[in-house]
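Accompanying notes for the structure given below.
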Amino acid sequence: QVQLVESGGGLVQAGGSRRLSCAASGRTFSGYTMGWFRQAPGKEREFVAAIRWNSGSTFYEDPVKGRVTISRDNAKNTVYLQMNNLKPEDTAVYYCAAKLGIATIPASVAYDYWGQGTQVTVSS
């Protein structure tokens, strides 16, 4: 049974940093794309970043490009999302997700597995 467990959320001041972790278990993720999405109150879930498990190739959504870095530790089966220079508009529940393959990476509907989410609140 695949499990994705996020951690690292919390309250942070604007301009601060936060690193989110996603511990993945239940299968081998070779060939998978691991993504981070976020959902703010009253808004749709949106793509933040993704990484290919095998190659480490990364993909970022424009609003966060330059402030966010996605990485993975294959030995620990963990994906990270380092967020810097956080803004109040980054406040959201952040979700980790996994999908097989590379097509339609930003599309949340393409992902097969989801974590429960972790709340990040950025105060101004």
Hey, mind stepping through Thr104 and Lys99 against side chain to side chain contact (heavy atoms under 4.5 Å, CB included) and telling me if it holds?
CA-CA 10 Å; Thr104 59; Lys99 69 179 295 294; 4.2 Å; yes

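A 4.5 Å side-chain heavy-atom check between Asn74 and Arg72 finds at least one atom pair inside the cut-off. You'll find the side chain of Asp73 reaches within 4.5 Å of the side chain of Tyr80, heavy atoms only. Inter-residue side-chain proximity for Asn54 and Phe29 is flagged as unmet; no heavy-atom pair is nearer than 4.5 Å. Proximity of Phe47 to Phe59: side-chain heavy atoms (C-beta onward) are separated by under 4.5 Å at one or more points. When side chains are defined from C-beta on, Met83 does not count as touching Val64, because their heavy atoms never get closer than 4.5 Å.
Leu11 and Leu86 end up in different hydrophobic clusters when Ile, Leu, Val, Met, Phe, Trp and Tyr side chains are linked at under 4.5 Å. With hydrophobic clusters built from ILVMFWY side chains whose heavy atoms lie under 4.5 angstrom apart, Trp36 shares a cluster with Val2. Under a hydrophobic clustering in which Ile, Leu, Val, Met, Phe, Trp and Tyr are joined whenever their side-chain heavy atoms come within less than 4.5 Å, directly or via other members, Val12 and Leu81 fall into the same cluster.
From Gln82, atom CD reaches atom CZ of Arg67 across 12.0 Å, with rounding to the nearest 0.5 Å. With rounding to the nearest 0.5 angstrom, the CG atom of Leu20 is 7.5 Å from the OH atom of Tyr94.
Asn77 places a side-chain N or O within 3.5 Å of a backbone atom of Ala24 that can act as its donor or acceptor partner. With Tyr111 contributing its side chain and Ile105 its backbone, the two residues share a donor-acceptor pair below 3.5 Å.
Among residues at least two apart or in separate chains, there is no disulfide bond (SG atoms under 2.5 Å apart) pair with a member in residues 44-83. Annotation: side chain to side chain donor-acceptor pair (under 3.5 Å) contacts involving residues 18-28, sequence neighbours excluded, comprise Arg27-Tyr32. Residue pairs meeting the disulfide bond (SG atoms under 2.5 Å apart) criterion with at least one partner in residues 23-107, sequence neighbours excluded, are Cys22-Cys96. Applying the salt bridge (Lys or Arg N to Asp or Glu O under 4.0 Å) rule to pairs touching residues 45-59 yields Arg38-Glu46, sequence neighbours excluded.
By the side-chain contact (heavy atoms from CB on, under 4.5 Å) test, Thr58 is found to be paired with Ile51, Tyr60, Ile70, residues two or more places apart in sequence or in another chain being considered.
Side-chain contact of Asn84 with Ser17: a donor-acceptor pair under 3.5 Å is present, judged by distance alone.
Ring-centre distance between Phe37 and Tyr95: not below the 6.0 Å cut-off.
With salt bridges taken as basic N to acidic carboxylate O contacts below 4.0 Å, one links Lys65 and Asp62.
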Please list, one pair per line, the donor and acceptor atoms closer than 3.5 Å that link side chains of residues 117-124 to other protein atoms, with sequence neighbours excluded.
from	atom 1	to	atom 2	distance (Å)
Thr118	OG1	Gly9	N	3.1
Gln119	NE2	Ala92	O	3.4
Gln119	NE2	Thr121	OG1	3.3

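A pairwise comparison of heavy atoms in Trp53 and Ser30 identifies CD1-N, 4.1 Å as the closest pair.
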